[in-house]
Each structure stands twice: as C-alpha cells, then as structure tokens.
2 protein chains.
Amino acid sequence: MIKRLSLYSRILQSFEFQGIEKISSAEVARRLGLNSAQVRKDLACFGQFGIPGFGYHVNDLRKQVRGILKTDREMRVILVGVGNLGTALLSYRGFLKQGFTMLFGFDVNPRSAEGRTRSNVPIYDIRDLESKIEGQRIDIAVLAVPVEVAQEVTNRLVKCGVLAILNFVPMRIEVPAHIQVRYVDFSLELESLAYYVQDREKAKRE
Amino acid sequence: MIKRLSLYSRILQSFEFQGIEKISSAEVARRLGLNSAQVRKDLACFGQFGIPGFGYHVNDLRKQVRGILKTDREMRVILVGVGNLGTALLSYRGFLKQGFTMLFGFDVNPRSAEGRTRSNVPIYDIRDLESKIEGQRIDIAVLAVPVEVAQEVTNRLVKCGVLAILNFVPMRIEVPAHIQVRYVDFSLELESLAYYVQDREKAKRE
DNA sequence: CTTACTTTGTGAATGATTTCACAAAGTACG
DNA sequence: CGTACTTTGTGAAATCATTCACAAAGTAAG
C-alpha cells in the first residue's frame, strides 16, 4: 500500500511537470492501472485531501503524499558491496531519488571498486564499516554482497544501528523485528516470467 | 505464488548441494520464513509430490518444480537499453540463471555500450531491432531504456513477437493482454523503506 | 503384524485486499 | 438561488490469500 503511495507521488510529479493542476482519482487510477476506489481509499487513509465534484489539487496532494512518505526529509544511505551490481546502483541516476543521500560504499576490495565507479561516493574497506559509521546516523543500507557473506554483513549492519535494508542478495536475511527489510530479486522475476511465457506457447498450440 | 515456487526451486538446489536428500514442508517453510501449510498447498497445486510421514525427496521435488516453472527449457532473452543499469545486468552473474540465454543487447549508442560491457553479448543499434530479431524466437525482453522512450520501444518489442517483458523502467507500460510484464523498481522500494524508517524513529520518541 | 510417530494434503476458518455502489458534498452555470 | 452534474469518502460485498487443524497415509521399530 505504501508502494502505491510512492507511485502516486511519482505520477503527481509528472502531472505537476506537465502543468496539470487538478486531477481526479479516476485519472490517477487509469494512469497506474488501478481502480479509482482504491486510489481514493489509499489517500483517504491519511486525511481528506480531495474536493467532491472537483478532484484533487495536484500541488497540494503531492505535498501531502511526500509528507506521508517522509520524502521531504533527508534519508542517509550506504552501499555495502560494490561489485558489478553495486557499481551499477551507484552510477544509475534515478536510483537515489530526491531526499536520499548516498554517503559511502564498502567493499572487501575498495581499490578496484573505486576504480570502476564513476560516482564520487567514497568507497571504504568493509573491515572499517563500524569505525566509519560510528556516530553517523545511517537510515538505510543497500546490500549487494555475495550470498555467502550476506547474513554476517547484515548482523554487523544491525549492530551499527542501521534501521532498514534494501537487499539485492538472492537470499532471506534474518533481522530483529524492528529492522525493515525489502527484497529486490531479479532472477526470481525472470523465472516467474518464464512460467507464463511457456503457458502462452502452450495456449497457442491448444 | 509462482514466485514462491521459484524460491522453492532455489532452496532445493541448495539442499541438494549440501547433500540433503529428504526435506519436510516445515523445514522449507522455516528457511523461507513461510507457513508450512502454505508450502504444502503451493506444491499440492501441481500434483502429489510428498510422502506422508516422510516428507519430500529433494532431488525429485526439485525436478518437479523445475518442470513446473519450465526452467528445464531454454529461455531466449534480449536486453534493450545498455546504459548503466543494462551494463550492470549484463555483467551481473546470477541475473541469468541456468536455462536463460542472453542473445544480444540493443542501444542507441551501441559503440559506447559495447565498450562499457565486459560480457561477450553483442550490442546492436536499436534501429536494427526488427531486422536482428527477425526469424529468431525471443521469449523475454529486459527493458532498461530511459522513461521517455519506454512505451515506444515496448510497442516495437511486442510487434517483434516478444512474449514477456522484464521492465526496469520506473513507469507502467501498456501491452496487449497476452504479453506478460513484470516490474522491478528500486526507487519505489527505497521510498517505501523510508516510510517505515521514519515510523520507527517516531516510535522510539513516543 | 501392531503400535506409536510423523508428515502430508486439504476442507473450513480466518484475515487481508479490492471492488462496488451510493450518500454527501462540492462545482458550474443559467 | 436552484438545478444538473461531478467526484469524493466510505460502509458493505466480493474476492483473494493465508493459516488452522485434522483425517488419511505413510514410516519405524519391536
């Protein structure tokens, strides 16, 4: 549901950019492939932002939604594991939206990682994780290390006071209940696509 | 649900690797953080693979699951958009699991894309998409182009007979009903994590 | 063969999410 | 001001997913 809020935020931004000032739940729903009642319910959850017979003021609603998501505050992020994937994440504009700051990266081999990266985020040795983080507020860690060390690194991150982990490692990590984890797993998506593709070909034959 | 099957497949592989021959739904559930009834139900959906009072034969079950997912067949994949993200996907071992073959990439600037990539997948000009694909069976296209051209490229892919799209572009793409689309959206995940992080800090204060 | 366990497969119960449908509240315009 | 129209916010209904709980079917061991 929070993910949908984030979608609303994104689409409102694009409306704003296009100079559209007023929008209905039906239009938002159409653009995102949702049901309009759902859009209204999601928004109504946090207050009454709409005007019956009119719709929503784009500017207004966007401000509200950003307030709910707290994307109007600074989020401090670190990257752990600067291999192929990590490097890509660093150089991929659009990964870090407005409000998110990548402070530094960590790798077992910071030299070669630093060379690969074209961003100006400093890369430190993972052995120095604790000392570098010490005293800093870190909100989110992006985890992109090899599977073998994922749990161990996670434990260290939690000890360091990281509050949330975006996990790109294709494996479940164990964390205390108060730590938020979100999973991004490409190959899983690819495999599940394969299932439906095959279905389609069978359907054609039958 | 199909995604869970893929998870089962992955964990069974690791059991097999560890030389474990017999497994119970409860153990699989524990490892994946699921309920054992769910595991049994998911599997029972496609046949009776288990033995009451014993559990499941790992080898056997794995074969069955791979059969269901059709990951025992070859899936032919292309990559469209070889920018930062696309490059990373090409070099990221583990993206393409067993059974998936990356045939080629396409970009508006194939030269610079080719240079960046350390894989040996050939990169062609996107203008030649139709002619290069012509006559080939392409199952899945991985979409990693800029937002502005995503819909246009999608239309061309569909015309070329691509059956499924793994979309890394942070926007909804419109496709005919018989085309499967799966979305991977990092920044959405990051934003939603932020929401919970803030909640947590508030919770501490209160 | 029999008794004591274990674990599956699955209806029924519960819980969560989505959609429907409509009163209430607004707009727009003569 | 009043009438016709639009769109919200939201209970109630419908749909979908998860979990419970237990009979049935097996194992294991004497």
Side-chain angles (χ1 to χ4, degrees), chain A residues 1-9 11-12 15 20-65 67-68 172 177 180 182-183 188 192 195-196 199, chain B residues 1-9 11-12 15 20-65 67-68 172 177 180 182-183 188 192 195-196 199:
Chain A
M1 202 244 114
I2 293 303
K3 270 192 211 169
R4 281 200 303 267
L5 271 193
S6 187
L7 283 174
Y8 301 154
S9 167
I11 206 120
L12 287 167
F15 284 140
I20 298 166
E21 291 181 354
K22 152 195 143 154
I23 199 69
S24 71
S25 62
E27 179 61 13
V28 172
R30 197 187 59 76
R31 288 281 295 263
L32 297 173
L34 303 171
N35 177 294
S36 73
Q38 177 138 74
V39 174
R40 290 198 299 279
K41 215 156 226 187
D42 285 345
L43 295 173
C45 218
F46 297 93
Q48 305 223 144
F49 307 133
I51 303 158
F54 175 88
Y56 301 83
H57 286 289
V58 172
N59 283 229
D60 230 49
L61 185 58
R62 174 146 184 258
K63 261 187 219 117
Q64 297 286 353
V65 173
I68 297 163
R172 202 173 90 96
Q180 283 288 324
R182 204 94 342 166
Y183 292 84
L188 215 64
S192 68
Y195 172 80
Y196 291 106
D199 255 25
Chain B
M1 203 242 115
I2 294 303
K3 270 193 211 168
R4 280 199 305 267
L5 271 194
S6 188
L7 283 174
Y8 302 154
S9 167
I11 206 118
L12 286 167
F15 284 140
I20 298 166
E21 291 181 353
K22 150 196 147 155
I23 200 69
S24 71
S25 61
E27 179 61 13
V28 172
R30 197 188 59 76
R31 287 282 294 262
L32 297 173
L34 302 170
N35 177 294
S36 73
Q38 176 137 77
V39 174
R40 290 198 299 279
K41 214 156 228 189
D42 285 344
L43 295 173
C45 218
F46 297 94
Q48 306 223 145
F49 307 132
I51 302 157
F54 175 87
Y56 301 84
H57 286 287
V58 172
N59 283 230
D60 230 49
L61 185 58
R62 175 149 184 257
K63 262 187 219 117
Q64 297 286 354
V65 173
I68 296 163
R172 202 173 89 97
Q180 284 288 324
R182 204 94 338 168
Y183 292 84
L188 214 64
S192 68
Y195 172 81
Y196 291 106
D199 255 24

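Convention: sequence-line order gives letters A, B, ...; per-chain numbering from 1.
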S.K.: Using whole Å, what does the distance between atom C1' of nucleotide D:dT27 and atom NE2 of B:His57 come to?
M.R.: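 Between C1' of D:dT27 and NE2 of B:His57: 11 Å.
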S.K.: Is B:Gln48 near enough to D:dA25 that one of its side-chain N or O atoms lies under 4.0 angstrom from OP1 or OP2?
M.R.: no
S.K.: Would you kindly give the CZ-to-C1' distance between B:Phe54 and C:dA4, to the nearest whole Å?
M.R.: 19 Å
S.K.: Please tell me which of A:Ala37 and B:Asn35 maps to the more 5' nucleotide of DNA chain D, matching each residue to the nucleotide holding its nearest heavy atom.
M.R.: A:Ala37
S.K.: Among the nucleotides D:dT8, C:dG9, D:dT10, which one has an atom lying closest to any side-chain atom of B:Ala44?
M.R.: C:dG9
S.K.: Using whole Å, report how far CD of A:Gln38 lies from C1' of D:dA12.
M.R.: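 Distance check: A:Gln38 CD to D:dA12 C1' gives 17 Å.
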S.K.: OP1, OP2 of D:dT8 versus side-chain N and O of A:Ser25: anything below 4.0 Å?
M.R.: yes
S.K.: To the nearest 0.5 Å, what is the distance between CD1 (A:Ile51) and OG (A:Ser24)?
M.R.: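 Rounded to the nearest 0.5 Å, the CD1-OG separation comes to 12.5 Å.
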S.K.: Atom CD1 of A:Ile23 and atom C1' of D:dT6: how far apart are they, to the nearest Å?
M.R.: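 Atom CD1 in A:Ile23 sits about 15 Å away from atom C1' in D:dT6.
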S.K.: Expressed in angstrom and rounded to an integer, what is the separation of A:Ile51 atom CD1 from D:dC5 atom C1'?
M.R.: 17 Å
S.K.: Nearest-Å distance, CZ (A:Arg30) to P (C:dT19)?
M.R.: 17 Å
S.K.: Would one find a side-chain N or O of B:Arg40 under 4.0 angstrom from OP1 or OP2 of D:dC22?
M.R.: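 No, because none of the side-chain N or O atoms of B:Arg40 sits under 4.0 Å from OP1 or OP2 of D:dC22.
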S.K.: Could you pull out the closest heavy-atom pair between B:Val58 and B:Leu12, with the gap in Å?
M.R.: CG1-O, 3.7 Å
S.K.: Of the nucleotides D:dT10, D:dT7, D:dT19, which one has an atom closest to the side chain of B:Lys41?
M.R.: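 Nearest to the side-chain atoms of B:Lys41, counting from C-beta on, is D:dT19.
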S.K.: Working to the nearest 0.5 angstrom, can you tell me the gap between A:Leu32 CG and A:Gln38 CD?
M.R.: 10.5 Å
S.K.: I'd like to check B:Tyr8 versus B:Val28 (side-chain heavy atoms, cut-off strictly below 4.5 Å). Are they in contact?
M.R.: yes
S.K.: How long is the line joining NZ of B:Lys22 and P of C:dT6, in whole Å?
M.R.: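 For the pair B:Lys22 NZ and C:dT6 P, the rounded distance is 11 Å.
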S.K.: Between A:Tyr56 and D:dT6, is there a side-chain N or O to OP1/OP2 distance below 4.0 Å?
M.R.: no
S.K.: Could you walk me through whether B:Leu5 and B:Phe46 pass the side-chain contact (heavy atoms from CB on, under 4.5 Å) check?
M.R.: CA-CA 11 Å; B:Leu5 271 194; B:Phe46 297 94; 3.7 Å; yes
S.K.: Quick one: A:Leu43 CG to D:dG9 P, roughly how many Å, whole number?
M.R.: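 After rounding, the gap between these two atoms is 8 Å.
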